[in-house]
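Source: prediction; values computed, not measured. Along the sequence shown, residues are numbered consecutively beginning with 1.
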Amino acid sequence: MLDLAAQHAPLIDRLTDKAAEVIRSGRYILGPEVVAFEREVAEYIGVEHAVGISSGTDALTVALMALGIGPGDEVITTPFTFFATAGCIARVGATPVFVDIRPDTFNIDVEQVAAAVTDRTRAILPVHLFGQACDMRALLGVATTHGLPIIEDAAQAIGTKSPLGPVGSLGAYGCFSFFPSKNLGGFGDSGLVTTQDPALAEKARVMRAHGSNPKYYHSVIGGNFRIDALQAALLRVKLPELQGWTLRRRENASRYDAAFSTSGLDESLLRPPLRRFEGHVYNQYVLRTSRRDELQAHLQAEQIATAIYYPVPLHRQECFAYLGYLEGSLPASEEASREVLALPIFAGLGEARQSRIIDTVIGFLGQ
Ligand SMILES: *Cc1c(COP(=O)(O)O)cnc(C)c1O
């Protein structure tokens with residue numbers, strides 16, 4: 001699905017020099033590399049404030065904690081996402097309220113968000129899934145009407161632009177991940193919280209350092225949610241390449257789109273993803289097919305890697321059984337879980353490899 005060794009090969013000297021520099025510096029916790037990375041990545045994203053965090057999961061936790069969300073509170077989110085989105089809501093003691101997705105973009109259905117607001121709702125947590133922006137105009141409309149903050153899960157969407165502006169700059173907080181498979185991946189775990197609001201930025205900084213400011217004086221209970229200096233330093237080496245990698249992901253997506261939309265196959269057999277906004281960064285290219293499991297098995301036999309994001313929607317996960325969502329309660333998410341298949345889309349895929357994938361997919365489904 002992703003060839004990180006090939007991605008790192010041309011950068012290997014700069015990466016190892018940078019690692020050696022950090023090791024010699026003796027500064028491993030926060031410090032100048034973290035400050036520089038936060039400034040550079042904020043500029044890349046197009047946001048005022050960026051706070052380096054230990055992971056994308058912890059970035060969501062920090063955002064929820066900084067907004068004071070906890071027991072008795074409800075947070076409206078999507079069930080069609082990586083587990084962390086809803087796991088973090090439950091971890092701070094709040095209740096995830098799942099609403100269904102749009103079948104065309106896989107993103108949260110804003111009309112259903114509006115219908116799910118109660119007097120216990122404290123935030124809306126949409127996900128810019130696979131790198132495509134949610135309908136932020138509509139979401140901000142609902143949020144403003146009800147006086148609710150939005151926490152954007154932008155873990156898969158670094159550099160994504162919505163028509164209103166960059167993702168991560170539109171809600172109260174944006175949360176990013178540098179897990180190795182993300183568009184900007186580190187060498188281990190790390191993440192980021194972004195905001196346009198200096199007071200919210202300060203709250204996130206305090207929260208990531210055990211709620212202390214100054215050191216050893218704790219006004220709130222936080223945690224150890226700091227990004228490693230080593231991760232920040234290595235991410236600084238990779239960040240200047242991200243724009244180019246993103247353009248190549250988009251080109252790869254366009255090549256799949258062109259081939260699949262002219263394949264002559266019925267929509268139920270092969271449906272390429274809808275690119276609703278130009279600023280899509282394609283962390284994943286996810287098609288739909290009624291023959292998903294057979295197609296995946298065939299591609300595997302042909303040595304073509306694929307993945308299923310996500311096989312079980314979160315409202316049907318065992319750990320959320322206590323929430324009481326029955327089979328059929330969120331049908332668009334459940335149907336997507338049965339039909340989605342992610343194809344390789346990474347920048348270094350190459351035309352020859354991609355052509356073979358395209359031919360194998362269309363050849364199999366056309367039989
Ligand atoms: C990757 C991811 C996360 C979690 O990020 P980690 O850095 O792995 O903790 C959260 N939400 C979504 C949508 C993700 O894809």
Side-chain angles (χ1 to χ4, degrees), residues 45-49 56 59-60 62-64 66-69 73-82 84-86 88-89 92 94-177 192-197 200 204 273-281 283 313-315 330 332-333 336:
I45 292 168
V47 67
E48 285 295 316
H49 307 277
L60 291 164
V62 164
L64 290 160
L67 292 171
I69 291 167
D73 298 340
E74 293 177 353
V75 178
I76 299 171
T77 193
T78 165
F80 197 65
T81 175
F82 178 60
T85 311
C88 292
I89 296 169
V92 300
T95 303
V97 174
F98 294 114
V99 304
D100 217 347
I101 55 167
R102 294 174 52 114
D104 53 358
T105 61
F106 305 114
N107 278 332
I108 199 163
D109 182 338
V110 182
E111 278 172 32
Q112 298 196 38
V113 173
V117 174
T118 72
D119 55 7
R120 284 146 70 110
T121 308
R122 292 290 172 269
I124 305 170
L125 208 173
V127 180
H128 304 296
L129 199 71
F130 305 140
Q132 171 143 258
C134 294
D135 183 349
M136 287 305 292
R137 193 181 302 279
L139 273 169
L140 284 163
V142 174
T144 308
T145 302
H146 297 281
L148 295 169
I150 293 178
I151 300 171
E152 298 173 70
D153 184 339
Q156 302 180 4
I158 189 164
T160 298
K161 304 290 190 288
S162 96
L164 286 191
V167 308
S169 75
L170 301 169
Y173 284 116
C175 300
F176 294 83
S177 165
L192 191 78
V193 163
T194 55
T195 180
Q196 296 293 72
D197 180 332
L200 289 181
L274 179 71
R275 188 188 309 200
R276 190 143 176 261
F277 301 125
E278 268 317 298
H280 196 324
V281 300
N283 179 241
L314 301 186
H315 68 288
L330 300 172
S333 300

When every non-hydrogen atom of H128 is compared with those of C134, the smallest separation belongs to ND1-N, 3.0 Å

Gap between atom CD1 of I150 and atom CE of M136 - 0.5 Å precision:
4.5 Å

Pairwise distance SG(C88) to CD1(I69) - rounded to 0.5 angstrom:
11.5 Å

Closest non-hydrogen atom pair, A116 against T121:
O-OG1, 4.0 Å

Is the backbone of P166 close enough, under 3.5 Å, to the side chain of S169 for a donor and an acceptor to pair up by distance?
yes

I want to check something: taking the side chain as every heavy atom from C-beta on, are V281 and I158 in contact at a cut-off of under 4.5 Å?
no

Roughly how far apart are L148 CG and L140 CG, rounded to 0.5 Å?
11.5 Å

Side-chain contact test, heavy atoms from C-beta onward, threshold under 4.5 Å: evaluate it for V127 versus Q156 and give yes or no.
no

Nearest-0.5 Å distance that lies between atom CG in L125 and atom SG in C175:
7.0 Å

Smallest separation among heavy atoms of K161 and I45, with atom names
NZ-O, 4.4 Å

I need the minimum non-hydrogen distance between A59 and L192, along with the two atoms involved.
CB-O, 3.4 Å

Show me the donor-acceptor pairs, under 3.5 Å and distance only, between side chains in residues 107-115 and residues at least two apart or in other chains.
unit_1	atom_1	unit_2	atom_2	d
N107	OD1	L129	N	3.0
N107	ND2	Q132	O	3.1
N107	ND2	A133	O	3.4
D109	OD1	E111	N	3.1
D109	OD2	Q112	NE2	3.3
Q112	OE1	D100	N	3.4

So do the side chains of F98 and T77 get within less than 4.5 Å of each other, counting heavy atoms only?
yes

Any side-chain heavy atom of L200 within less than 4.5 Å of one from L67?
yes

How many angstroms lie between OG1 in T105 and CZ in R275, if you round to the nearest 0.5 Å?
14.5 Å

Shortest non-hydrogen contact from D153 toward T85
OD2-OG1, 2.9 Å

Taking every heavy atom of L170 against every heavy atom of S162, the minimum-distance pair comes out as CD1-OG, 3.5 Å

Any side-chain to backbone donor/acceptor pair from E48 onto Q196? Under 3.5 Å, distance only.
no

For H49, does its backbone N or O pair with a side-chain atom of T195 as donor and acceptor, under 3.5 Å?
no

How long is the straight-line distance from CD1 of I89 back to CD1 of I151, given to the nearest 0.5 Å?
7.5 Å

For the backbone of V47 and the side chain of T194, can you confirm whether one donor and one acceptor N or O come within less than 3.5 Å of each other?
no

Side-chain touch P313/L330, heavy atoms, less than 4.5 angstrom:
no

Check whether E74 reaches the backbone of T95 with its side chain - one donor and one acceptor, N or O, closer than 3.5 Å.
no

Spell out, as yes or no, whether a donor-acceptor pair under 3.5 Å connects the side chain of Y173 to the backbone of P149.
no

